[in-house]
Structures are given as structure tokens and as C-alpha cells.
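Down below is the structure, laid out as C-alpha cells.
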Amino acid sequence: MTAEELAAIHLKAMVVPKAWSAQTMQGFLDFPGAVLATSQAGFALGRVVVDEAELLTLAVDPDAQRQGQARRCLLDFEQMARDKGAARIFLEVAAPNVAARALYLQAGFGEGGVRRGYYRGTEGEPINAIVMSKTLIPA
Ligand SMILES: CC(C)(COP(=O)(O)OP(=O)(O)OC[C@H]1O[C@@H](n2cnc3c(N)ncnc32)[C@H](O)[C@@H]1OP(=O)(O)O)[C@@H](O)C(=O)NCCC(=O)NCCS
């Protein structure tokens with residue numbers, strides 16, 4: 001998937017935080033250790049630094065949600081991160097994002113700390129982020 005295709009899915013799917021531009025996507029794709037797992041209409045994007053992976057964002061086109069695409073992207077992301085030497089994955093998710101929190105919990109992530117006011121809502125209101133993590137069992 002190109003940076004433009006990632007940005008197009010993000011624009012349709014994201015509410016908080018705001019969608020990223022193709023330029024921002026390309027910047028993340030250019031990171032050393034970048035990891036991109038894709039499905040037909042979704043993706044998981046992050047990076048590995050030494051033995052830690054960070055899942056930066058994940059989205060599925062609203063027209064193709066609830067078909068297991070995010071679950072598959074997450075599984076592929078985990079495998080790719082493991083292959084690059086990651087022992088643990090971290091992510092931040094907006095506290096009101098029920099769908100994503102359920103997805104991550106189902107995938108074996110645990111909820112850790114809260115970052116107060118980490119995001120801004122559509123009216124500029126502060127929204128807390130939940131830090132989640134998962135230890136990767138070596139394959
Ligand atoms: C979160 C998101 C990626 C889920 O994508 P998806 O492809 O629809 O998810 P899946 O079909 O793989 O669902 C896997 C599990 O996630 C949970 N889940 C997904 N959508 C859900 C919803 N709307 N409500 C509650 N749980 C949900 C369920 O546990 C689901 O398992 P089940 O279908 O067996 O019940 C999608 O809703 C999205 O793109 N949201 C906007 C972007 C976003 O918030 N990204 C997260 C950034 S941290």
C-alpha cells in the first residue's frame with residue numbers, strides 16, 4: 001500500500017486522533033525499523049526500536065469493518081515485529097475508542113497507565129489515552 005492509500009483509509013476511519021496526511025504516512029514508512037501490515041482495506045503501521053515495537057496507528061475502511069481485517073493486520077504486525085527482534089509491543093489508544101480497546105484486549109494486550117489529555121477531540125476537548133502493551137512470545 002502506498003502512503004496515499006494509507007492516508008485515504010485513515011481519512012475515512014479516524015475520528016480521534018485526526019487522520020494523517022500521505023506526507024506524514026510516508027515519514028513513518030521511512031523510519032528505520034518501520035513495520036507495515038496490510039489487509040484488503042486496512043493496515044497496522046508502527047516501528048521497532050531495538051527490542052520494543054510501537055504500534056503507531058491501525059485503521060480499517062468503515063465499509064469493510066467487522067470482517068476480521070484489523071485482527072489479521074495486528075497478528076501480521078506482531079509477527080513482523082517479532083522477526084525484527086521485538087519482545088514487547090506498546091500502543092496508545094483513545095479512552096473512548098471502545099472498538100479498538102476491545103480489539104487489543106481480545107488480541108492479548110493489557111491496559112496500563114493513562115496519559116491525561118493526550119489527544120484532542122473534534123471540539124478541542126482533552127481526551128485521555130490508555131497505554132496498552134503485550135509481551136511477544138518468541139516463535
Ligand atoms: C478499531 C478498528 C481498526 C477495528 O477494525 P475491524 O476490522 O472492524 O476489526 P475486526 O473485524 O478485526 O474485529 C476484531 C475484534 O475487535 C473488536 N471490535 C471491532 N470493532 C468493534 C466495535 N465496533 N465495537 C466493539 N468491538 C469491536 C471485537 O472484539 C472484534 O472481534 P469480534 O468481531 O469477534 O467481536 C476499526 O474500527 C477502525 O478502523 N476504527 C477507526 C480507527 C481507529 O480507531 N484505530 C485505532 C487507533 S489506536
Side-chain angles (χ1 to χ4, degrees):
M1 254 183 217
T2 64
E4 286 73 20
E5 288 168 325
L6 299 179
I9 292 173
H10 224 224
L11 187 62
K12 281 182 82 175
M14 291 304 285
V15 180
V16 175
K18 275 194 259 174
W20 298 346
S21 67
Q23 199 181 5
T24 301
M25 292 292 179
Q26 191 59 57
F28 287 127
L29 290 173
D30 290 341
F31 271 150
V35 176
L36 174 66
T38 60
S39 63
Q40 222 178 348
F43 68 94
L45 175 62
R47 61 178 162 184
V48 173
V49 178
V50 194
D51 62 349
E52 281 188 1
E54 184 184 8
L55 179 62
L56 293 165
T57 194
L58 169 148
V60 172
D61 185 317
D63 294 336
Q65 289 179 2
R66 295 315 285 267
Q67 297 172 8
Q69 293 202 36
R71 193 184 356 249
R72 282 196 295 282
C73 286
L74 199 49
L75 273 174
D76 288 348
F77 181 90
E78 286 179 18
Q79 187 56 53
M80 294 161 90
R82 204 185 274 119
D83 290 347
K84 284 184 182 282
R88 202 163 173 79
I89 298 185
F90 290 90
L91 62 86
E92 277 119 11
V93 58
N97 193 341
V98 175
R101 286 176 71 176
L103 165 74
Y104 297 135
L105 284 174
Q106 203 188 56
F109 282 75
E111 295 195 344
V114 176
R115 296 198 204 282
R116 301 216 165 269
Y118 188 76
Y119 300 116
R120 293 281 150 190
T122 46
E123 307 296 323
E125 71 281 16
I127 293 183
N128 294 344
I130 311 290
V131 180
M132 300 186 76
S133 66
K134 178 177 178 178
T135 299
L136 296 175
I137 314 282

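FYI, the numbering just counts along the sequence from 1. As the structure lists them, so they are numbered: ligands from 1, and atoms in each ligand from 1.
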> What atoms of ligand 1 come closer than 4.0 angstrom to any heavy atom of G68?
Replying inline: 10 (P), 11 (O), 12 (O)
> Should Y104 and I130 count as side-chain neighbours, where that means a heavy-atom distance under 4.5 Å?
Replying inline: no
>> Given 3.5 Å as the limit, does a donor-acceptor pair link the side chain of R47 with the main chain of F28, or not?
In response: no
>> Taking the side chain as everything from C-beta on, heavy atoms only, tell me whether V49 gets closer than 4.5 Å to E54.
In response: no
>> Suppose I only count heavy atoms of L58 and a 4.0 Å limit; which atoms of ligand 1 are within that range?
In response: 3 (C), 42 (C), 43 (C), 45 (N), 46 (C), 47 (C)
> Quick one: CZ on F43 to CD on E5, what's the gap to the nearest 0.5 Å?
Replying inline: 11.0 Å
> Are any non-hydrogen side-chain atoms of Q40 and Q67 less than 4.5 angstrom apart?
Replying inline: no
> Among all protein non-hydrogen atoms, which one is nearest to atom 42 (C) of ligand 1, and what is the separation to 0.1 Å?
Replying inline: M14 SD, 3.3 Å
>> Any nitrogen or oxygen of E92, side chain or backbone, less than 3.5 Å from one on ligand 1?
In response: no
>> For atom 18 (N) of ligand 1, what's the nearest protein heavy-atom neighbour? Residue, atom name and distance, please.
In response: A99 O, 3.7 Å
> Ion pair present between E52 and R88, side-chain N to carboxylate O less than 4.0 angstrom?
Replying inline: no
>> Counting only heavy atoms, tell me which of Q65, R66, M132 gets closest to atom 40 (N) of ligand 1.
In response: Q65
> When you look for heavy atoms under 4.0 Å from ligand 1, do you find them on the side chain of Y104, its backbone, both, or neither?
Replying inline: side chain
> Identify the closest protein heavy atom to atom 12 (O) of ligand 1: which residue and atom is it, and at what distance?
Replying inline: R71 N, 2.9 Å
> Just by distance, with hydrogens left out, do Q69 and R72 show a side-chain donor and acceptor under 3.5 Å apart?
Replying inline: no
> Any nitrogen or oxygen of A13, main chain or side chain, under 3.5 Å from a nitrogen or oxygen of ligand 1?
Replying inline: no
>> I'd like to check which ligand 1 atoms, numbered from 1 as shown, lie under 4.0 Å from a non-hydrogen atom of A70.
In response: 3 (C), 4 (C), 5 (O), 6 (P), 7 (O), 9 (O), 12 (O)
> Is it the side chain, the backbone, both or neither of L103 that has a heavy atom closer than 4.0 Å to ligand 1?
Replying inline: both
> Of all the heavy atoms in T57, does at least one lie under 4.0 Å from an atom in ligand 1?
Replying inline: no
>> List ligand 1 atoms under 4.0 Å from Q67, heavy atoms only on the residue side.
In response: 11 (O)
> Does the side chain of E92 reach to within under 4.5 Å of the side chain of Y119, using non-hydrogen atoms?
Replying inline: yes
> Under 4.0 Å from any heavy atom of N97, which atoms of ligand 1 are there?
Replying inline: 43 (C), 44 (O), 46 (C)
> Does even one non-hydrogen atom of G42 get within less than 4.0 Å of ligand 1?
Replying inline: no
>> How close do A86 and L136 get, counting heavy atoms only, and between which atoms?
In response: O-CD1, 3.6 Å
